[in-house]
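The sequence lines fix the lettering, A, B, ..., with proteins before strands; numbering per chain opens at 1.
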There are 2 protein chains.
Amino acid sequence: MSDLLERLRGRGWRLTAQRRVVAEVLDGDHVHYTADEVHAKATDLLPEISRATVYNTLGELVSLGEILEVSTDGRAKRYDPNAHHAHQHLVCSRCGTIRDVHPSGDLLADLPAHERFGFQVSAVEVTYRGICPNCSTA
Amino acid sequence: MSDLLERLRGRGWRLTAQRRVVAEVLDGDHVHYTADEVHAKATDLLPEISRATVYNTLGELVSLGEILEVSTDGRAKRYDPNAHHAHQHLVCSRCGTIRDVHPSGDLLADLPAHERFGFQVSAVEVTYRGICPNCSTA
DNA sequence: ATCCTACATTGGACTTTGTCTAAGTCAAGA
DNA sequence: TCTTGACTTAGACAAAGTCCAATGTAGGAT
């Protein structure tokens with residue numbers, strides 16, 4: 001993740017404590033926090049960081065293609081730092097836990113030409129839904 | 001759609017003008033309105049209908065499995081009356097237009113056992129993204 | 001090392017989307 | 001037609017996100 005900050009500095013990003021903290025919070029696998037969760041965790045590291053800055057920074061990271069925006073439940077958007085490896089999501093219908101998964105096959109090719117309505121189709125997002133081990137035993 | 005109302009009456013639904021109007025607004029193919037759009041169109045037919053009733057009615061129709069809730073953009077949820085034929089969505093990245101599409105293949109089977117993390121996987125939602133004919137020429 | 005300034009941050013007001021509640025209304029069975 | 005419990009209403013409230021004017025600061029220039 002520190003190479004992320006270097007990469008962004010190369011693109012003219014000003015390196016502030018706030019941005020460093022947001023990047024740090026988002027580091028890891030299977031991380032999918034809401035903006036408010038990012039803000040809460042960032043506040044632990046840098047108490048005076050504002051909500052607006054967290055939103056701004058997340059928005060910039062999305063624009064730059066460094067993180068992904070995910071909305072699996074129609075409520076708050078979540079942010080996924082795993083933007084450099086194509087993947088899909090598996091979501092627990094009960095507790096909302098999200099895992100990154102890698103389906104086999106070419107998902108885009110599954111949409112036949114006669115079902116494309118003249119669109120130039122360029123991407124596909126898949127959400128698998130089920131019950132996680134934790135919730136199925138409880 | 002009128003058989004929908006009959007079906008619901010059979011399930012103990014009280015048949016009110018408001019519910020009739022919401023059902024009427026949702027009738028058609030490739031219909032994916034937000035709650036506020038449904039409210040606006042319903043207001044044309046029945047000026048005194050309230051927002052709360054539209055939300056209530058949409059929620060009930062979803063619970064009864066008569067319509068689907070779709071969130072393709074992380075903003076307002078949309079409602080899809082085509083609940084009785086499995087399908088996925090194709091969304092224009094520019095204007096937001098949504099079409100119902102039918103991919104080939106077994107999408108659920110594309111998730112290998114070793115990528116399921118012990119989940120009981122039961123459903124899959126797919127959103128194809130691209131540019132619609134209208135937006136690509138404009 | 002310090003200065004400058006364009007870019008970043010802040011807090012709070014505002015918007016959008018959706019939920020809840022208490023009071024009034026009405027569909028449909030008796 | 002009467003009655004009653006389900007339905008509807010307006011408006012307050014809540015959650016998620018955006019916007020703005022004022023203030024602060026990273027990092028290049030000196």
Side-chain angles (χ1 to χ4, degrees), chain A residues 2 5-25 32-43 45-64 66-80 96, chain B residues 2 5-25 32-43 45-64 66-80 96:
Chain A
S2 57
L5 294 175
E6 277 316 304
R7 211 161 46 237
L8 294 174
R9 208 149 69 108
R11 296 213 225 172
W13 242 41
R14 191 176 284 188
L15 207 36
T16 67
Q18 290 83 349
R19 288 172 168 180
R20 227 180 321 241
V21 162
V22 169
E24 190 172 337
V25 167
H32 306 93
Y33 296 137
T34 63
D36 268 0
E37 285 167 352
V38 172
H39 181 230
K41 288 171 198 293
T43 299
L45 301 172
L46 185 69
E48 66 277 22
I49 192 171
S50 78
R51 245 165 42 92
T53 294
V54 171
Y55 275 99
N56 286 343
T57 305
L58 290 171
E60 287 155 7
L61 288 170
V62 170
S63 296
L64 293 168
E66 296 290 348
I67 65 177
L68 297 175
E69 217 172 53
V70 178
S71 47
T72 52
D73 63 350
R75 302 188 49 79
K77 290 174 192 164
R78 293 179 173 275
Y79 295 89
D80 182 339
Chain B
S2 58
L5 294 174
E6 278 315 304
R7 216 164 39 240
L8 293 174
R9 209 150 68 110
R11 295 212 224 175
W13 245 41
R14 190 175 285 187
L15 206 35
T16 66
Q18 289 84 348
R19 288 173 168 178
R20 227 178 322 238
V21 163
V22 169
E24 190 172 336
V25 166
H32 307 91
Y33 297 136
T34 64
D36 268 0
E37 285 166 354
V38 173
H39 181 231
K41 288 170 198 294
T43 299
L45 301 172
L46 184 70
E48 65 277 22
I49 192 172
S50 78
R51 242 164 43 92
T53 294
V54 171
Y55 275 99
N56 286 343
T57 305
L58 291 172
E60 288 155 7
L61 288 170
V62 170
S63 295
L64 294 169
E66 296 289 348
I67 63 176
L68 297 175
E69 216 171 55
V70 179
S71 48
T72 53
D73 63 349
R75 302 187 50 77
K77 290 174 192 162
R78 294 179 172 274
Y79 294 89
D80 182 341

| Phosphate OP1/OP2 of C/dA8 contacted by A/Thr53 side-chain N/O (<4.0 Å) | no
| message | Could you tell me if the side chain of B/Thr57 sits less than 4.5 Å from the side chain of B/Gln18, heavy atoms only? | response | no
| Of the listed nucleotides D/dG17, C/dG12, C/dG18, the one nearest the side chain of B/Ala76 | C/dG18
| Is A/Tyr33 close to A/Leu58 at the side-chain level, that is, under 4.5 Å between some pair of heavy atoms? | no
| request: Please tell me which of B/Ala17 and B/Ala52 maps to the more 5' nucleotide of DNA chain C, matching each residue to the nucleotide holding its nearest heavy atom. | output: B/Ala52
| request: Measure from CZ on A/Arg11 to P on D/dG27 and round the result to the nearest Å. | output: 17 Å
| said: So, does A/Tyr55 get its side chain near the phosphate of D/dT18, meaning an N or O under 4.0 Å from OP1 or OP2? | reply: no
| field | Flag, side chain of A/His39 to backbone of A/Ile49, donor-acceptor distance under 3.5 Å | value | yes
| query | Given atom CD of A/Glu69 and atom P of D/dG17, what is their separation to the nearest angstrom? | reply | 8 Å
| said: Expressed as a whole number of angstroms, how long is the span from A/Asp73:CG to C/dG18:P? | reply: 12 Å
| message | So, does B/Gln18 get its side chain near the phosphate of C/dC26, meaning an N or O under 4.0 Å from OP1 or OP2? | response | no
| note | Side-chain atoms of A/Arg14 come closest, of D/dG24, C/dG11, D/dT8, to D/dG24
| More 5' along DNA chain D: B/Arg75 or B/Glu60, using each one's nearest nucleotide? | B/Glu60
| query | At under 4.0 Å, does any side-chain N or O of A/Thr34 touch on OP1 or OP2 of D/dA16? | reply | no
| message | Quick check for you: among C/dG18, D/dC7, C/dT9, whose closest atom lies nearest to any side-chain atom of B/Thr16? | response | D/dC7
| Atom CZ of B/Arg20 to atom C1' of C/dA28: distance rounded to whole Å? | 13 Å
| More 5' along DNA chain C: B/Trp13 or B/Asp36, using each one's nearest nucleotide? | B/Asp36
| note | Residues B/Arg20 and B/Leu15: closest non-hydrogen pair is NH2-O, 3.9 Å
| message | What's the closest nucleotide to the side chain of A/Thr57 if the choices are C/dT9, D/dA10, C/dA28? | response | C/dT9
| note | Atom CZ of B/Arg78 and atom P of C/dT16 are separated, to the nearest Å, by 15 Å
| task | Check salt bridge (charged side-chain N to carboxylate O under 4.0 Å, His left out) between A/Arg51 and all other residues, then give those that pass, not counting sequence neighbours. | result | A/Asp36
| message | Between A/Asn56 and A/Ala35, which residue's closest nucleotide on DNA chain D lies nearer the 5′ terminus? | response | A/Ala35
| Do any side-chain nitrogens or oxygens of B/Arg9 fall under 4.0 Å of OP1 or OP2 in C/dA27? | no
| message | Output the rounded distance in Å from CZ (A/Arg19) to C1' (C/dA8). | response | 6 Å
| request: Specify the separation, in whole Å, of atom CD1 of A/Ile49 and atom C1' of D/dT25. | output: 15 Å
| Roughly how many Å is it from CG in B/Leu5 to C1' in C/dA27, rounded to a whole number? | 14 Å
| Among D/dC7, C/dG18, D/dG17, which is the nearest nucleotide to the side chain of B/Arg51? | C/dG18
